[in-house]
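Contents: one structure, followed by commentary.
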Amino acid sequence: MAPSADPIAVPARTCLAIVLAAGEGTRMKSATPKVLHHVAGRSLLGHVLHTVQEAGASRLAVVVGPERADVAAAARIAAPPAEIYTQTERLGTAHAVLAAREALARSADDVVIAFGDTPLVTAETFRRLRAPLAQGAAVAVLGFEAKDPTGYGRLIRRDGRLVAIREERDASPDERAITLVNGGLMALRGDLALGILERIRNHNAKGEYYLTDAVEIAGAEHEVAVVIADEEEVLGINDRAQLAAAERVFQARLRRRFLADGVTLVAPETVFFSFDTILSRDVLVEPYVVFGPGVVVEEGAVIHAFSHLEGARVAKGASVGPYARLRPGAALGEKARIGNFVEIKNATLGAGVKVNHLSYVGDASVGEGSNIGAGTITCNYDGFAKHRTVIGKGAFIGTNSSLVAPVRIGDNAYVGSGSVITHDVPADALALGRGRQAIKEGWAPAFRARATAAKKD
Ligand code: UD1
Ligand code: MG
């Protein structure tokens with residue numbers, strides 16, 4: 001029998017991620033904590049928590065500042081298993097990590113330290129950072145070549161080995177010339193992490209407990225590795241300009257991904273996505289379209305220019321816009337058509353439904369093949385509660401109609417243009433809810449004569 005080619009199953013290494021989020025973020029000049037600001041529709045902290053889980057972190061600890069119940073709550077929503085620890089005094093990055101001492105004591109094979117304000121690091125990079133630990137390294141540091149190293153910790157190497165990280169304030173002029181710097185993130189071997197962190201002292205220019213000192217301490221007895229990343233990935237966010245820069249980078253990634261997956265973006269740089277946007281292949285997106293969170297667009301659908309979608313599903317072959325707005329709960333059936341200046345909210349539209357011009361359809365369902373004329377409004381709100389409009393299949397709603405909910409329009413019924421519909425319309429019926437037209441023959445010349453005479457007086 002030929003020997004089996006199966007690789008020997010290696011048990012996956014367990015991983016604890018500690019996310020530091022105790023920063024004050026004063027430079028954001030915001031009532032919202034820094035890590036709760038958004039990039040592509042998800043908080044900075046949400047991005048980091050999501051990425052470390054994707055990179056295999058089975059346990060999560062988030063370190064928050066004192067009285068930051070909002071950050072703790074957001075962390076629990078973004079990642080329910082997250083344990084929350086409070087750093088009561090801000091005494092440095094190692095001190096912050098040690099706030100999660102309890103989590104460290106119940107160790108894992110790998111410990112990864114991430115920053116809550118550094119949202120662009122990819123899962124792939126976190127995995128690369130963990131890799132040297134499996135090869136026996138005690139510590140792995142994420143470094144990058146900085147265009148301008150000012151403010152970063154410099155990676156000090158001797159004979160090609162990393163021996164220390166020197167913070168800007170403590171660095172000699174020679175050391176300051178080094179451009180290979182610390183991205184801030186670190187991975188430590190779980191069985192050694194607590195011992196290393198507890199030996200860190202605060203004998204430096206700032207009087208803080210520096211996580212970066214882990215390198216020198218571990219390096220005395222163990223191997224220490226450097227993993228190189230792109231500068232773009234380790235962009236940390238301290239102010240609104242950096243927040244906008246992170247948005248730019250993230251949007252560029254999303255656009256590249258959609259193009260690679262078979263989506264046509266006519267002018268990619270003008271289209272904005274959410275972290276969770278799902279577009280199938282052969283979707284076509286025209287210029288200047290914004291996708292808020294929770295949008296799914298199926299194969300072959302077209303999103304015309306200047307449309308805004310959020311919390312919406314667009315089925316195969318449907319067409320949206322130009323200038324359309326799909327709000328949360330909008331669900332368009334196959335080949336449905338939503339035209340210009342149409343708003344759809346919390347409404348299910350069957351296959352082939354047309355709402356081509358200037359309409360609001362909210363809290364409604366519309367059966368397949370129905371045609372909603374220009375200027376139709378579902379009057380869903382009475383100032384206190386929302387009410388539903390139910391339209392059957394194959395119905396025809398004449399232009400400029402108001403459908404006062406709760407109301408039902410039966411299958412294949414007609415509503416005459418300009419109607420205000422307040423009672424249910426049976427299937428196959430015609431409903432007219434408007435003043436009857438009156439004709440006064442010869443009225444106009446008589447009126448003009450009277451009016452002209454009155455003006456001369
Ligand atoms: C840190 C690194 C530096 C690296 C840089 C990359 C240290 C000592 N220095 O410096 O080598 O080049 O990141 O951006 O680690 N935090 C807390 N509690 C604290 C202190 C910090 O939660 O007491 C959090 C911050 O909110 C932030 C992160 O830790 O998310 C990093 O702290 P920050 O003050 O930005 O460190 P840097 O001086 O930038
Ligand atoms: Mg920083």
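Ligands are counted one by one from 1 in listed order, and the atoms in each one are counted from 1 as well.
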- request: Please name all residues satisfying ring-ring contact (aromatic ring centres under 6.0 Å, His included) with Phe272, sequence neighbours left out, ordered by chain then number.
  value: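 Checked Phe272 against ring-ring contact (aromatic ring centres under 6.0 Å, His included); zero matches.
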Which option, [options], owns the non-hydrogen atom nearest [atom]?
atom	options	answer
atom 15 (O) of ligand 1	Ile200, Val141, Thr93	Thr93
atom 20 (C) of ligand 1	Gly92, Gly183, Ala96, Gly23	Gly92
atom 27 (C) of ligand 1	Leu91, Asp117, Val63	Asp117

Report yes if [X] has an N/O atom closer than 3.5 Å to an N/O atom of ligand 1; otherwise report no.
X	value
Glu89	no
Ala22	yes
Gly153	yes
Gln87	yes
Lys206	no
Thr212	no

task: Name the closest protein heavy atom to atom 4 (C) of ligand 1, giving the residue it belongs to and the distance to 0.1 Å.
output: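 Checked against all protein heavy atoms, atom 4 (C) of ligand 1 sits closest to Asn182 O, 3.2 Å.
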query = In the protein, what heavy atom is nearest to atom 11 (O) of ligand 1, and what distance, to one decimal place, separates them?
reply =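 That would be Glu167 OE2, 2.7 Å.
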Check whether the side chains of [X] and [Y] place a donor and an acceptor atom closer than 3.5 Å, and report yes or no.
X	Y	value
Thr277	Ser274	no
Glu298	Ser280	no
Lys386	Asn346	no
Ser30	His37	yes
Glu83	Tyr85	yes

Original post:
So, Lys345 and Asp363, do they make that salt bridge, N to O below 4.0 Å?
Top reply: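 So Lys345 pairs with Asp363 through a salt bridge.
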Can you give each donor-acceptor pair under 3.5 Å made by side-chain atoms of residues 327-340, sequence neighbours left out, with the distance rounded to 0.1 Å?
{"residue": "Arg327", "atom": "NH1", "partner": "Glu343", "partner atom": "OE2", "Å": "2.5"}

| Val181: heavy atom below 4.0 Å from ligand 1, yes or no? |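 Heavy atoms of Val181 never come under 4.0 Å of ligand 1.
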